[in-house]
Amino acid sequence: MPELPEVQLVVDDLKTIEGYTIESISLSDRIKLSHRQGKMAVVKHENLQQFEQSLIGQKINTIERRGKYIVMQLTNPINDKVVIAHLGMSGRFEINTNRVSSIPHTHTTFELNYETKTVYLHYIDPRRFGELRVLDHINEFKPFQQMAPEPFGIEGEAYFIDRFKQFKLNRSTISIKQFIMDAENVVGCGNIYANEALFICRIHPLRKVHVLTERKMRELYKEIVKLFIKSIERGGSSIHSYVHMDGEIGSMQDEFLIYQKKLCPICQKKVTSRRINQRNSFYCTNCQK
DNA sequence: CGATCAACCTGGTTGC
DNA sequence: TGCAACCAGGTTGATC
Ligand SMILES: [Zn+2]
């Protein structure tokens, strides 16, 4: 499910539980088994009991997005905490009044109270690539330390261009696709939006970053942000799982120009599909240089 | 440094 | 039709 727009939509839905207090937590047998085997699926904490104990009694203060991560600031009179969640490839949340989820692969259920209301927050993740962590402070989380600014703020573009200049100076030979999928350059750009943005800007995904111009890089950055906004407006891309917690799906997948396409929408020639850095890339060798 | 692969997983789609 | 092979919005760490 998850590139920046999809994560943003999840966060928007999760905001309904801001102000709720965590009463109890239950974990799936799958998670418990995984931990017994020393694999730590989904719950990235050495000790499951500690994980639960550190959350019970905490009030959910705010829920925000940072890159593709979901950040929940928790507060209680003794020690505040922060939950950092990532949806991996197939993770999603659902909020309802069912104490026990009927959905397969529900791995974590939080019982939440607000005054007289009780709701349940379920985390569902068939592939279990997602992550739930509890930390004392957000600064402890390594991936945030080197992460580029948020793309909807004003610093994003300047940061992106600074990074580009550094790579150029260092004679870096990495490809442009690799560059834009690196959260240290721009956050939230996954495989789909990387393919789409490069096609729209007519840049070949294997083009070396150092041969591109600053002008072209600014254009590319703006296109990525534009795609993010367009996607959020359309409710995100829904391919393998739902985006919205009410089961509604997005329609951004109908707007794809190159991702998983057979023919180029510009010249009608056959689209090339090739694995680059473990991800499938779609591009037109005629239109993208 | 950078590209590639493996690991972590299940389920839907494709192709023989 | 049946079933195996292949593929999927991600991230990290090892290897070459
Ligand atoms: Zn073309």
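Within every chain, numbering begins at 1; the chains are lettered A, B, ... in the order of the sequence lines, protein sequences first and strands thereafter.
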In residues 176-200 of chain A, which ones come under 4.0 Å of DNA chain B, going by heavy atoms? none
Expressed in angstrom and rounded to an integer, what is the separation of [X] atom [atom1] from [N] atom [atom2]?
X        : N      : atom1 : atom2 : result
A:Arg171 : B:dC1  : CZ    : C1'   : 15 Å
A:Met89  : C:dT12 : CE    : P     : 14 Å
A:Arg275 : C:dC6  : CZ    : P     : 11 Å

A:Ser172 side chain, from C-beta outward: closest of C:dT11, B:dG2, B:dA3: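 Of the candidates, B:dG2 comes closest.
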I'd like to know if [X] and [Y] make a salt bridge, using a cut-off of under 4.0 Å between side-chain N and carboxylate O.
X        : Y        : answer
A:Glu214 : A:Lys165 : yes
A:Arg133 : A:Glu131 : yes
A:Glu111 : A:Arg99  : no

Distance between [atom1] atoms of [N] and [M] (Å, rounded):
N     : M     : atom1 : value
C:dC6 : B:dC5 : P     : 14 Å
C:dC7 : B:dT4 : P     : 16 Å
B:dC9 : C:dG2 : C1'   : 24 Å

Run the ring pair (Phe, Tyr, Trp, His ring centres under 6.0 Å) test on A:Phe110 and A:Tyr20 for me, step by step, so that the C-alpha distance in whole Å, both residues' side-chain angles and the decisive distance to 0.1 Å come before the verdict. CA-CA 11 Å; A:Phe110 301 83; A:Tyr20 279 69; over 10 Å; no
Tell me whether the rings of A:Phe282 and A:Tyr259 are parallel (<30°), tilted (30 to 60°) or perpendicular (>60°).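 Ring orientation of A:Phe282 relative to A:Tyr259: perpendicular.
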For B:dC9, give its Watson-Crick or G-U wobble partner with both distances under 3.5 Å, or none.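 Partner of B:dC9: none.
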Apply side chain to side chain donor-acceptor pair (under 3.5 Å) to residues A:Asp12 and A:Gln8 and explain how you reach the verdict. CA-CA 6 Å; A:Asp12 290 347; A:Gln8 183 63 57; 3.0 Å; yes
For a quick check of understanding: with a heavy-atom distance under 4.0 Å over all strands, which category does [X] fall into, base, sugar-phosphate or nothing?
X        : answer
A:Asp125 : nothing
A:Ser238 : base
A:Pro143 : sugar-phosphate

How close do A:Arg92 and A:Ile103 get, heavy atom to heavy atom, and via which atoms?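 In terms of heavy atoms, the two residues are closest at NH2-CG2, 3.8 Å.
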What's the shortest heavy-atom distance between A:Glu150 and A:Leu4, and which atoms? OE1-CD1, 4.2 Å
At under 4.0 Å between heavy atoms, which parts of nucleotides 5-16 of chain B does protein reach? Answer with one letter per nucleotide, 5' to 3': B base, S sugar-phosphate only, - none. B--BBBS-----
List the atom pairs, with distances to 0.1 Å, where a side-chain N or O of residues 199-210 of chain A and a protein N or O form a donor-acceptor pair under 3.5 Å, not counting sequence neighbours.
{"from": "A:His204", "atom 1": "ND1", "to": "A:Leu206", "atom 2": "N", "distance (Å)": "3.0"}
{"from": "A:Arg207", "atom 1": "NH1", "to": "A:Lys289", "atom 2": "O", "distance (Å)": "3.4"}
{"from": "A:Lys208", "atom 1": "NZ", "to": "A:Thr173", "atom 2": "O", "distance (Å)": "3.2"}

